[in-house]
Amino acid sequence: MTLRELSSLEQYFYYRCKLKLHSCFYLAITLNKLPNRSQLQKAVSKTIKKFPQAHCTVTSTSKGQTPCIKDLTGTAIHFDDVVEYSSWKSLYTENINEIFKKYNFQFDNGKPLWKIIVLEETGQLIFVVSHIFFDGMSSTIFANTIIKELNDKANSSSDLESDIVYESTQEIQELPPHPYDLWPIPFSWKIKRQLVKLLLKISPSVVTGTSTNMLQFENYNFPDDFVSLSSDDNDSFVVKNDNIQRLLSIKPNKLQKILNKCKQEKSSLTSFLSALFAIGLKNVSADNLRNGKELTISIPMNARAICKETLNVDESCLKLGDFILGMEYSDKLDAIDANDLWTLSTKIKDYMIDYRENQISDQINTAKLLDIADVESFVRQKVENAYGIGPGATFEITNLGFNRFGNDEREENEYKVTDAFFNQPQGFSNIFTCSIISTPIGGLKCCISYPKNLITEMEPIWKTVEEIIDKI
């Protein structure tokens, strides 16, 4: 059953997938022990029923038609459709890149847009999800629900007779509209929408292109080092997904010291990490850089709270889905003082506060500009109009925050999360990504993904980051 059309933001992620410019992202959690197949099946089955998007797909559409969300009612979802056991012995570069190459979810094939990979060797559950129905926070909510169901004693009974995890003949009556579709459009923004609509017709690169003043690396040729055209379908791309995968690990005691220092300096962990990597860039040789010296940090922001407050949206509608805004902080690389980390960190935090308090409404209306665009063309032009220049941001900091995953809530819980990792594929929006999540036992894990062409050029960044952290 078709529930509703995709919002323009959801279409953005849909066409990234359809054009094969983005496959999935993942949240991996390490458990003190793995559940058996029967226990995991019961937890998955109960979790699917809690979230409509967990048993939905997107209908394939012809040119000119808006893609729609389709419920899988009437279609049996089997355990093996959504859970896969892997023989991998680790989650390092080769296997990480394999996830991003392999799990490009197909639409309207009777299967949902997510999967759990079980690594028996490492005791991990890897939640591989499509960005159409999940943002980073959604993945933590989904994983938390699985853990809660695993620890529910009612699910520890005898083995199941069937491998079906979801089957329903009762159709969902409706799926509420995306909150951004309900967001008011002031008169000034109605005028801006018309201007942008005109620009997209006569000079789309003004809207979708990259500034020529943006800092880029000599040895990263964009988009050639990012994608190639598909040999099977000239309308889509093939992302290389051959990035170097690096892990920054901060143990709980050290993390607490950093948090205390952030509080003392009136900073935050996210702004600290943003400043940390920005200062690391100061140590990259000028010979390895080109274009201008403008540094842009992309820091995705969670818009759930403002949607709930402004639109009075029921909290249940804000669990799974995309509720992110692309906040960007820009500075001149030459203006950054490599010896004054905390001044930069506080400056970024002040910008983040101003963004939340004064710019959120404008940023949601910026996202809603996709309403008046041909979204598929817009996504394609984000790559094509950056040809020979580079991505629109230097790097991305996505922090999923501190997640207990049920730890310490009940001492008798059988399953405890001892560590977590969050990562995303090579993309067209930035040169490298820093994907962060923290847990009580594992501390902070920052998965850094960067082009293999820059393995030498970027080494001074990581060295600087580690040296600064060691001194705190």
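Because the structure is a prediction, the values reported are computed rather than measured. Because only heavy atoms are used, hydrogens play no part in the values below, and waters and symmetry mates are left out as well, while side chains stay in.
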Student: I need the L255 CG to L444 CG distance, nearest 0.5 Å.
Tutor: 5.5 Å
Student: Should the heavy atoms of other residues, nucleotides or ligands under 6.0 Å from NZ of K111 be counted, would the total exceed 12?
Tutor: no
Student: One pair to check against side-chain contact (heavy atoms from CB on, under 4.5 Å): F272 and I472. What are the steps and the verdict?
Tutor: CA-CA 12 Å; F272 162 76; I472 296 177; 3.7 Å; yes
Student: Please determine, by modelled atom types, if S138 and R304 share a side-chain donor-acceptor pair under 3.5 angstrom.
Tutor: yes
Student: Taking the side chain as every heavy atom from C-beta outward, state whether Y351 and Q359 have any pair of such atoms under 4.5 Å apart.
Tutor: yes
Student: Do E459 and R246 sit within salt-bridge range, that is, some charged N less than 4.0 Å from a carboxylate O?
Tutor: yes
Student: Any side-chain donor paired with an acceptor under 3.5 Å for E396 and N430?
Tutor: yes
Student: Crowded around F402 CZ? As in, over 12 foreign heavy atoms under 6.0 Å?
Tutor: yes
Student: With distance as the sole test, does R290 use its side chain to make a donor-acceptor pair with the main-chain N or O of I389 at under 3.5 Å?
Tutor: yes
Student: Do you know the tightest heavy-atom contact between E218 and N221?
Tutor: O-OD1, 3.9 Å
Student: Regarding T433 and Q424, do their side chains bring together a donor and an acceptor under 3.5 Å, going by distance alone?
Tutor: no
Student: Under 3.5 Å, side chain of K445 to main-chain N/O of G442, donor-acceptor pair present?
Tutor: yes
Student: Before giving the answer on side-chain contact (heavy atoms from CB on, under 4.5 Å), spell out for S449 and I244 the whole-Å C-alpha distance, their side-chain angles and the decisive distance to 0.1 Å.
Tutor: CA-CA 6 Å; S449 178; I244 301 296; over 6 Å; no
Student: Between T464 and E467, is any side-chain donor less than 3.5 angstrom from a side-chain acceptor?
Tutor: no
Student: Shortest non-hydrogen contact from K382 to T208?
Tutor: CD-O, 3.7 Å
Student: Using 0.5 Å steps for rounding, measure from the OG1 atom of T140 to the CG atom of N403.
Tutor: 5.0 Å
Student: How far apart are the C-alpha atoms of F127 and I29, what are their side-chain angles, what is the distance that settles it, and do they pass the side-chain contact (heavy atoms from CB on, under 4.5 Å) test?
Tutor: CA-CA 8 Å; F127 295 83; I29 58 174; 3.7 Å; yes
Student: Would you kindly say whether S271 and S274 are connected by a side-chain donor-acceptor distance under 3.5 Å?
Tutor: no
Student: Would T57 and D108 count as a side-chain hydrogen bond (donor to acceptor under 3.5 Å, both in side chains) here? Give the steps.
Tutor: CA-CA 6 Å; T57 184; D108 210 7; 5.5 Å; no
Student: Would you check if S23 and V239 make a side-chain contact, meaning some heavy-atom pair closer than 4.5 Å?
Tutor: no
Student: Can you tell me how far the OG1 atom of T59 sits from the CG atom of L3, to the nearest 0.5 Å?
Tutor: 10.0 Å
Student: Take atom NZ in K192; do more than 12 heavy atoms of anything else shown fall under 6.0 Å from it?
Tutor: yes
Student: What residue among T366, D362, N365 forms side chain to side chain donor-acceptor pair (under 3.5 Å) with W189?
Tutor: D362
Student: Which value, rounded to the nearest 0.5 Å, describes the distance between T66 atom OG1 and R4 atom CZ?
Tutor: 12.0 Å
Student: Do we see a donor-acceptor contact under 3.5 Å between the side chains of N453 and N219?
Tutor: no
Student: Quick check: does any side chain N or O of Q426 sit under 3.5 Å from a backbone N or O of D225, one acting as donor and the other as acceptor?
Tutor: yes
Student: Between W114 and F142, is the gap from one ring center to the other below 6.0 Å?
Tutor: yes
Student: Just by distance, do the side chain of K254 and the backbone of I469 share a donor-acceptor pair under 3.5 Å?
Tutor: yes
Student: Ignoring hydrogens and angles, state whether a donor on the side chain of D181 or S7 is under 3.5 Å from an acceptor on the partner side chain.
Tutor: no
Student: So, the side chain of S203 versus the backbone of L199: is there a donor-acceptor pair under 3.5 Å, distance only?
Tutor: no
Student: In sequence, state the C-alpha distance, the side-chain angles, and the governing distance for T394 and M214, and then conclude on side-chain contact (heavy atoms from CB on, under 4.5 Å).
Tutor: CA-CA 8 Å; T394 314; M214 186 70 63; 4.1 Å; yes
Student: With distance as the sole test, does Q53 use its side chain to make a donor-acceptor pair with the main-chain N or O of L320 at under 3.5 Å?
Tutor: yes
Student: OH of Y387: more than 12 outside heavy atoms within 6.0 angstrom?
Tutor: no
Student: Can you name the closest pair of heavy atoms from L341 and I279 and give their distance?
Tutor: CA-CD1, 3.4 Å
Student: Decide whether S361 and W183 meet the rule of one side-chain donor and one side-chain acceptor closer than 3.5 Å.
Tutor: yes
Student: Distance check, rounded to the nearest 0.5 Å: E357 atom CD versus M352 atom CE?
Tutor: 12.0 Å
Student: How close do I185 and K190 get, heavy atom to heavy atom, and via which atoms?
Tutor: O-CE, 3.3 Å
Student: Could you tell me how the ring of F107 sits relative to the ring of Y14: parallel (under 30°), tilted (30 to 60°) or perpendicular (over 60°)?
Tutor: tilted
Student: Does the side-chain hydrogen bond (donor to acceptor under 3.5 Å, both in side chains) test come out yes or no for T30 and T418, once each step is laid out?
Tutor: CA-CA 6 Å; T30 306; T418 60; 4.9 Å; no
Student: Can you tell me how far apart SG (C446) and CG (L248) are? Round to the nearest 0.5 Å.
Tutor: 5.0 Å
Student: Is any side-chain heavy atom of F395 less than 4.5 Å from a side-chain heavy atom of T296?
Tutor: no
Student: Is a side-chain N or O of Q216 found less than 3.5 angstrom from the main chain of P391, in a donor-acceptor match?
Tutor: yes
Student: Would you say the ring centers of F13 and F133 fall short of 6.0 Å from each other?
Tutor: no
Student: Looking at residues at least two apart in the chain, or sitting in another chain, which of them share a salt bridge (Lys or Arg N to Asp or Glu O under 4.0 Å) with D371?
Tutor: R193, K368
Student: What pairs with Y180 under ring-ring contact (aromatic ring centres under 6.0 Å, His included), at least two apart in sequence or on another chain?
Tutor: H178
Student: Could you pull out the closest heavy-atom pair between Y85 and F79, with the gap in Å?
Tutor: CE1-CE2, 3.8 Å
Student: Is there a donor-acceptor contact under 3.5 Å linking the side chains of Y103 and E84?
Tutor: yes
Student: Do E5 and Q11 have a side chain donor and acceptor closer than 3.5 Å?
Tutor: no
Student: Hey, are S267 and T346 close enough side-chain-wise for a donor-acceptor pair under 3.5 Å?
Tutor: no
Student: Between K101 and D242, is the closest basic N to carboxylate O distance under 4.0 Å?
Tutor: no
Student: Tell me if a side-chain donor or acceptor on N399 pairs with a main-chain N or O of S435 at a distance below 3.5 Å.
Tutor: no
Student: L200 pairs by side-chain contact (heavy atoms from CB on, under 4.5 Å) with which of D374, I372, L195?
Tutor: I372
Student: Quick check: are there more than 12 heavy atoms from other residues, nucleotides or ligands sitting under 6.0 Å from CD of E94?
Tutor: no
